[in-house]
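Here's the structure we're looking at; comments come further down.
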Amino acid sequence: MSPPRLTGALRSFSSVCKKEDIAEDEYNLKAKRLKRQERFAKEGLTWQKIVQFFTQHLDKKDQQAAQQELKGLLHSAKQIVGADHGQDTIESAGVFLFETFLGRERLGAEETRAVRHMFGPFSATAAEACLASVSRLVTSVGEAEAFVRTQNAGRYGLGDASSTAFGRNIAFSHDGYILDCHEPPPWLDVPDEDAGDLGF
Amino acid sequence: MACAKVPLDEQHVTEIMGPMGREQTIPALHPDRKEERCFLPYKPPPEDNSSAQIEEYLEQAQFISEDLDWLLSLPHDKFWCQVVFDESLQRCLDSYLRYAPRTLDTAQPVSSPAVADMERCVHRSVFMVFLRMATHKESKENFITPEVFGEIIYNNFLFDIPKMMDLCVLFGKGNAQLLHKMIENIFTQQPCYYGDLNETVPSILQVLGTVLERCGLQSEGATASEPLKLGSHDRPTSMTMPQKDLVDLIVYMCDTCTTLHAFLDIFPEACETFHSHGVLSRLTSFYEMVVPDLEKALRKRNFDKSVQEDLWSRLCHSRKRMVEIAHLLLQHTCLQPILEGAENMQSSVEDLLQNFTNFIQEKRFLADYDEQFPLADDISLLQQVSPHLDETRTSYLLQAVESAWDSVGKKRGRPPVPSAGAAAGAS
């Protein structure tokens, strides 16, 4: 709970603010995850493009193995998002997992956070299986990372957002106010004459 | 994107819209151009170290950070559509101002480096969003007509007085110059904020009254000079209230003093409004009553040592901030016009002397004020700019300062300044 604040009192008692109850969570984490998945599915790389990429870049003899890996990847994706979702959601989850595990050797903290961030709590076994599938797929075709980068260059319609973001060149300080007190508590003062009375 | 060299509020865009995919020409600033981003409200880091809570905090904060960075990357017209028409964004920003931990808060933030990094990211992004919202002209091509900008920020509550105070206390320490420009621009483009400030000051005085009341030093609605109501002796005082209430009271006072000081320091143009409500005399009498009372409670009551020391530091900090607030008010309403040789300089001289005279009855405050801002220095300045100053009056003031030091038992760190009359006699 946040401590009592002057501005809290002013919001309650003065008539200069918009009155609304912001404790009411219209958007929660679950709703936000769904929103993110929907947006992800609409932009950049798609499952069809991944399938097409491996079909085009592999010899016929290797294509069957790649198809199996992709099928396995989708199966694991289904376990992660939940079986009650439609094919579109599962495929978009497959795309996300493919991107997230691309070039990764193990399921580390960063990857775990990214997957949890997208889907919420998930099965680690299914994630490990995804990682293994992606690793085997990428070993068979070298240019997979470049392909993903090209596909996602315009994700969210921003291009290289960080280079154009407002405030990127503005110096910002993280300094905060600290307690400004140089007066020791009076009960710590032991007067010299009292110290002299001590029986050392 | 909207066309250039025309203010955003006058631009129109043609976009393919609706289920039929028809082309439509609409104002560039239009609710249909907002995206459904669903900004999440901010929640502060968890106070315990449970990994589940930390994970949840990190996930939520990551969403906020990404959404705000996305917002900052939008072109000018899209940014303003989102800012004006997306209520979830305003709730997100407002929740940050309300709940973001201040560096002075008692609860220490969780020590996880991931949490600290995330806090830093969100902190910066929130500031940049407010900075962009306070800027009506981003470039030659991207701008809003100043009057319209003033209406937009005011009518949509993008800024209000408590929000500006929160901004000052959260970001003011290292970004004072930028914040000053922001708030100055907000007040310049929308003078109605001065009216709001005028309406807010009585609520601030009410907060001081509440603290006095909780300490049992003033009954509700009564002024210091009125007799206490019958039965008021049963009210809890700082010596008898539950310890948790005393902690809350001192934390509240500390936050109040820090916030007011940060706001007035960053936006001194507000001093005039505060001064016109008699804040100075209310603040000094508040100081005189509350400080000795709370000091006594902290000395005499039984506390956990660390809590006791923390509360002492907060009280000490609050004292310093109150003295500085008083000085800011005097500096910007009296001293500044005197130094600038303003037309009404003589009335400023008189106002300053009158304020100093009023300090005399608040001995503890006077001694503490003089320690930080020696009255002798200001009186010497007055003697320079106003050669016909009543010497008896200034001598009386300086003697009163000496007497205040003696009566509160303070020892000067430097020798007392001789009174004006004595100095004149010596020369």
Side-chain angles (χ1 to χ4, degrees), chain A residues 1-18 20 22-29 31-33 35-36 39 109 113 116-117 120-121 156 158-168 170-188, chain B residues 38-41 44 55-56 58-60 62-63 69-70 72-73 88 91 94-95 98-99 102-106 120 123-124 127-128 131-132 138 157 160-162 165-166 169 173-175 196 199-200 203-204 206-207 248 251-252 255-256 258-260 262 299 308-309 312-314 316-317 320:
Chain A
M1 211 182 90
S2 83
R5 299 202 199 287
L6 169 70
T7 49
L10 297 183
R11 283 187 174 97
S12 302
F13 301 124
S14 71
S15 55
V16 297
C17 316
K18 189 176 184 179
E20 65 178 354
I22 68 162
E24 204 180 288
D25 272 8
E26 192 182 334
Y27 299 112
N28 54 31
L29 270 178
K32 185 72 182 170
R33 281 186 205 126
K35 204 90 202 153
R36 187 187 168 101
R39 210 179 61 239
R113 188 171 303 130
R116 193 192 299 264
H117 193 49
Y156 311 145
L158 294 177
D160 184 6
S162 61
S163 68
T164 56
F166 177 91
R168 69 197 180 283
I170 296 174
F172 176 76
S173 163
H174 281 91
D175 289 353
Y177 292 105
I178 52 164
L179 281 180
D180 184 4
C181 169
H182 305 292
E183 221 172 280
W187 54 86
L188 291 185
Chain B
C38 309
F39 287 82
L40 290 177
E55 276 298 323
E56 190 181 318
L58 286 173
E59 186 180 4
Q60 183 134 346
Q62 175 77 30
F63 272 127
D69 290 346
W70 167 82
L72 289 167
S73 308
S88 75
R91 276 199 293 273
D94 199 25
S95 60
R98 287 179 193 223
Y99 304 124
R102 277 69 170 143
T103 39
L104 287 178
D105 281 350
T106 38
R120 285 170 71 86
H123 193 61
R124 186 183 193 280
F127 179 76
M128 289 304 163
L131 177 61
R132 198 174 186 189
E138 262 180 42
F157 292 94
D160 59 33
I161 301 296
M165 288 184 172
D166 280 329
V169 80
K173 174 71 179 164
N175 305 286
D196 283 2
E199 277 187 47
T200 309
S203 301
I204 295 171
Q206 202 181 322
V207 166
D248 275 354
V251 168
Y252 187 38
D255 175 77
T256 300
T258 309
T259 304
L260 285 181
R299 269 202 303 264
Q308 192 182 19
E309 281 174 23
W312 178 264
S313 302
R314 283 174 197 284
C316 214
H317 172 91
K320 204 160 180 213

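Every heavy atom of this structure was used, including side-chain atoms; hydrogens, water molecules and symmetry mates were not.
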Inset, instruction - Supply the atom-to-atom distance B:Asp255 CG to B:Asp105 CG, rounded to the nearest 0.5 angstrom. - result: 7.5 Å
Legend entry - chain A contacts, top residue of B:Val207, B:Ile161, B:Asn175 (heavy-atom pairs, under 4.5 Å): B:Asn175
Legend entry - Top of B:Glu138, B:Glu199, B:Gln62, B:Arg132 for chain A proximity - count of heavy-atom pairs under 4.5 angstrom: B:Arg132
Inset, instruction - Could you have a look at B:Pro162, B:Ser88, B:Gly174 and say which one has the most heavy-atom pairs with chain A under 4.5 angstrom? - result: B:Pro162
Inset, instruction - Examine whether an atom of B:Gln308 lies under 4.5 Å from a heavy atom of chain A, and if so say whether it belongs to the side chain, the backbone or both; otherwise answer neither. - result: both
Legend entry - Selection from B:Gln206, B:Glu309, B:Arg120 maximising heavy-atom pairs under 4.5 Å formed with chain A: B:Arg120
Legend entry - Contact class of A:Lys18 relative to chain B, heavy atoms under 4.5 angstrom: both
Legend entry - Rounded distance (nearest 0.5 Å) linking atom CG of A:Asp180 with atom NE2 of B:His317: 6.5 Å
Legend entry - Parallel, tilted or perpendicular, as decided by the 30° and 60° cut-offs, for the rings of B:Trp312 and A:Trp187: perpendicular
Legend entry - Expected output: side-chain B:Arg98 to main-chain B:Ser95 donor-acceptor under 3.5 Å: no
Inset, instruction - Please lay out, stage by stage, how A:Arg116 and B:Glu55 fare under the test salt bridge (charged side-chain N to carboxylate O under 4.0 Å, His left out). - result: CA-CA 9 Å; A:Arg116 193 192 299 264; B:Glu55 276 298 323; 3.5 Å; yes
Inset, instruction - Below 4.5 Å from any heavy atom of chain B, which atoms of A:Ala109 appear? Answer side chain, backbone, both or neither. - result: neither
Inset, instruction - Check the surroundings of atom CZ in B:Arg299: do more than 12 heavy atoms from other residues, nucleotides or ligands lie under 6.0 Å from it? - result: yes
Inset, instruction - Working to the nearest 0.5 Å, report the span between CZ of B:Arg124 and CG of B:Leu131. - result: 10.0 Å
Inset, instruction - Tell me, for B:Glu56 versus chain A, whether the close heavy atoms (under 4.5 Å) come from the side chain, the backbone, both or neither. - result: both
Legend entry - Which of B:Asp248, B:Ile204, B:Thr200, B:Asp166 touches chain A most, by non-hydrogen pairs under 4.5 Å: B:Asp166
